[in-house]
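The next block holds one structure in the form of structure tokens; read it before the comments.
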Amino acid sequence: MIVETKVFLFGVFATLTACSEAAGSRNSKDWDYIVFTQHWPATVCIQWKAEGKGHSCALPKEATWTVHGLWPSKNNSKGPFFCNASLPFDEEALSPIVTELEDLWINIDVPTSPYSFWRHEWEKHGTCAAALPALDKEVKYFQQGLTWLKKYNMFNALFMEGYPEGNALTAIQIREAIKKHFGKMPSVHCYKDGSTGKSYVFEIRICFDKSLNQIDCPKPMSTNCPDEPVEYPSMDAVSKQFEVKGKWLLDLLRIVRWIQWITY
């Protein structure tokens with residue numbers, strides 16, 4: 001009986017500890033650096049299509065990496081996440097830059113709402129980044145992502161270093177190409193299709209300190225990519241393979257959303 005009681009109490013303690021840590025992760029505003037993540041839309045589309053029937057994709061008008069998010073991060077742990085519930089997502093706040101967002105911070109996952117992706121990124125990460133005066137408003141956070149995307153153009157960097165889309169390359173080659181082009185070490189991540197076993201270039205992450213100066217990513221070697229070359233699929237090939245919809249579909253969904261709003 002004593003042993004059972006000890007086991008029970010240990011289980012309760014472990015559960016309470018886990019809950020406490022989770023709450024701390026959600027509420028903490030203490031972080032060390034920002035991870036700026038770009039993802040390759042063709043791979044995002046491949047992943048989205050693999051995750052469910054009826055999924056379609058809306059790709060950018062031209063071949064370009066697009067913004068995934070700006071993620072405040074700690075050196076030795078994950079997060080923080082969902083830092084400030086008093087900063088709710090406001091669609092209207094993005095109206096000055098919404099056209100750029102639809103091109104460069106595009107929600108590829110159709111038929112999800114055009115704003116659902118941005119809402120998720122703001123609530124999970126933006127409310128933590130808002131601890132900095134430079135990112136303390138929703139429009140500042142998203143504008144910074146657009147600014148960094150234009151300055152740190154991964155498509156051009158890889159192309160100029162001899163790695164155009166439609167080829168296979170290793171994570172090490174990508175890391176070295178980006179470091180050579182931009183001067184700091186990035187982190188590279190891949191997506192593996194469970195049904196085919198193929199791996200694809202998915203994300204390139206670069207890092208910034210709290211003054212928004214680029215730094216070497218603290219965990220540049222942390223990657224889920226295999227040692228062998230992975231596919232860097234071309235946008236045209238993916239568009240043809242999946243009969244991808246154009247940006248017009250996002251515009252249509254936005255119009256439908258607006259009609260729904262004015263009729264409530």
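Values below: all heavy atoms of this structure, side chains included; hydrogens, waters and symmetry mates excluded. Quantities reported herein were computed from a predicted structural model and do not represent experimental measurements. Position 1 is the first residue of the sequence, and the numbers go up from there.
Taking the charged nitrogens against the carboxylate oxygens, Glu123 and Arg119 do have a contact shorter than 4.0 Å, which makes a salt bridge. Between Lys74 and Asp30, no side-chain nitrogen of the basic residue sits less than 4.0 Å from a carboxylate oxygen of the acidic one, so the salt-bridge criterion is not met.
The structure places NZ of Lys61 at 9.5 Å from CD of Glu102, a figure rounded to the nearest 0.5 Å. How far NE2 of His120 is from CZ of Phe117: 8.0 Å, rounded to the nearest 0.5 Å. Summarising the geometry, atom OH belonging to Tyr200 is positioned 13.5 Å from atom SG belonging to Cys225; distances are rounded to the nearest 0.5 Å. Rounding to the nearest 0.5 Å gives a distance of 8.5 Å between OG1 of Thr37 and CD of Glu121. The distance from atom CZ of Phe202 to atom OG1 of Thr43, rounded to the nearest 0.5 Å, is 7.5 Å. The line from CZ of Arg205 to NZ of Lys219 is 10.5 Å long, rounded to the nearest 0.5 Å.
For Asn75, the CG atom sits in a packed shell: over 12 heavy atoms of surrounding residues, nucleotides or ligands are nearer than 6.0 Å. Within 6.0 Å of atom NZ in Lys179, 12 or fewer heavy atoms from other residues, nucleotides or ligands are found, so the atom counts as exposed in its surroundings.
Smallest separation of non-hydrogen atoms from Leu59 and Pro41: CD2-O, 3.6 Å. What you find for Leu70 and Trp105 is that their closest heavy atoms are CD1-CH2, 3.7 Å. Counting all heavy atoms, side chain and backbone alike, Trp31 lies closest to Ser73 at CB-O, 3.6 Å. Nearest heavy-atom pair, Ala134 versus Leu212, reported as atom, atom and distance to 0.1 Å: CB-CD1, 3.9 Å. Annotation for Ala177 and Leu158: closest pair CB-CD2, 4.2 Å, computed over non-hydrogen atoms. The shortest non-hydrogen separation linking Phe36 to Trp148 is CE2-CB, 3.5 Å.
For Asp136 (side chain) and Ala130 (main-chain N/O), no donor-acceptor pair under 3.5 Å exists by modelled atom type. In this structure, Trp48 contributes its side chain and Ile108 its backbone to no donor-acceptor pair below 3.5 Å. Thr147 contributes a side-chain N or O that, together with a main-chain N or O of Gln143, makes up a donor-acceptor pair within less than 3.5 Å. No donor-acceptor pair closer than 3.5 Å links the side chain of Asp103 to the backbone N or O of Glu100. Formation of a donor-acceptor pair under 3.5 Å by the Asn107 side chain with backbone atoms of Ser113 is found in this model. In terms of modelled atom types and a separation under 3.5 Å, the side chain of Asn153 and the main chain of Asn156 share a donor-acceptor contact. No side-chain donor-acceptor contact under 3.5 Å links Glu161 to the backbone of Lys180. Counting only distance, with no hydrogens or angles, the side chain of Thr223 and the backbone of Val188 share a donor-acceptor pair below 3.5 Å. Remark: side-chain polar atoms of Ser187 are paired, donor with acceptor, to backbone N or O of Ser222 under 3.5 angstrom. Although no hydrogens or angles enter the test, the distance criterion places a donor-acceptor pair under 3.5 Å between the side chain of Asp216 and the main chain of Met185.
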(message) Determine whether Gln214 and Tyr152 satisfy the following criterion, side chain to side chain contact (heavy atoms under 4.5 Å, CB included), listing intermediate values before the conclusion.
(response) CA-CA 10 Å; Gln214 191 188 7; Tyr152 302 98; 3.3 Å; yes

(request) Please assess Leu94 against Phe142 for the test side chain to side chain contact (heavy atoms under 4.5 Å, CB included), listing each intermediate value before the final yes or no. (result) CA-CA 8 Å; Leu94 299 181; Phe142 285 94; 3.6 Å; yes

(request) Any chance you could lay out the side chain to side chain contact (heavy atoms under 4.5 Å, CB included) test for Glu138 and Asp90, step after step, and finish with the verdict? (result) CA-CA 8 Å; Glu138 189 177 313; Asp90 178 10; 3.8 Å; yes

Enumerate, atom names and distances included, each donor-acceptor pair closer than 3.5 Å involving a side-chain atom of residues 227-236, sequence neighbours excluded.
| residue | atom | partner | partner atom | Å |
| --- | --- | --- | --- | --- |
| Tyr232 | OH | Trp65 | NE1 | 3.1 |
| Ser234 | OG | Ala237 | N | 3.1 |

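Between Ile178 and Met154, some side-chain heavy-atom pair lies under the 4.5 Å cut-off. Residues Thr66 and Gln38 are not in side-chain contact: their nearest non-hydrogen atoms beyond the backbone lie 4.5 Å or more apart. At least one side-chain heavy atom of Lys192 sits under 4.5 Å from a side-chain heavy atom of Ser199. Side-chain contact check for Lys49 versus Cys45: some heavy-atom pair is nearer than 4.5 Å. Counting heavy atoms from C-beta on, the side chains of Tyr115 and Leu101 never come closer than 4.5 Å. Side-chain contact check for Pro218 versus Cys207: some heavy-atom pair is nearer than 4.5 Å. Leu87 has its side chain out of reach of Lys137: every pair of non-hydrogen atoms, C-beta onward, lies at least 4.5 Å apart. Annotation: side chain of Asp32 is not in contact with side chain of Asp209 (no heavy-atom distance under 4.5 Å).
Between Tyr141 and Trp122, the ring planes are perpendicular. Angles over 60° get that label, and only those under 30° would be called parallel. Aromatic ring orientation, His39 versus His68: parallel (interplanar angle below 30°, classes split at 30° and 60°). Ring geometry for Phe155 versus Trp40: interplanar angle under 30°, hence parallel rather than tilted (30 to 60°).
Under the 3.5 Å distance criterion, with hydrogens and angles disregarded, no donor-acceptor pair is assigned to the side chains of Thr127 and His125.
Under the 4.5 Å side-chain heavy-atom criterion for ILVMFWY residues, no single connected hydrophobic cluster contains both Phe182 and Phe159. Both Val139 and Ile106 are part of a single hydrophobic cluster, where members link through side-chain heavy atoms under 4.5 Å apart.
In the hydrophobic clustering, where aliphatic and aromatic side chains (Ile, Leu, Val, Met, Phe, Trp, Tyr) are joined below 4.5 Å either directly or transitively, Ile215 groups with Tyr33, Val35, Trp71.
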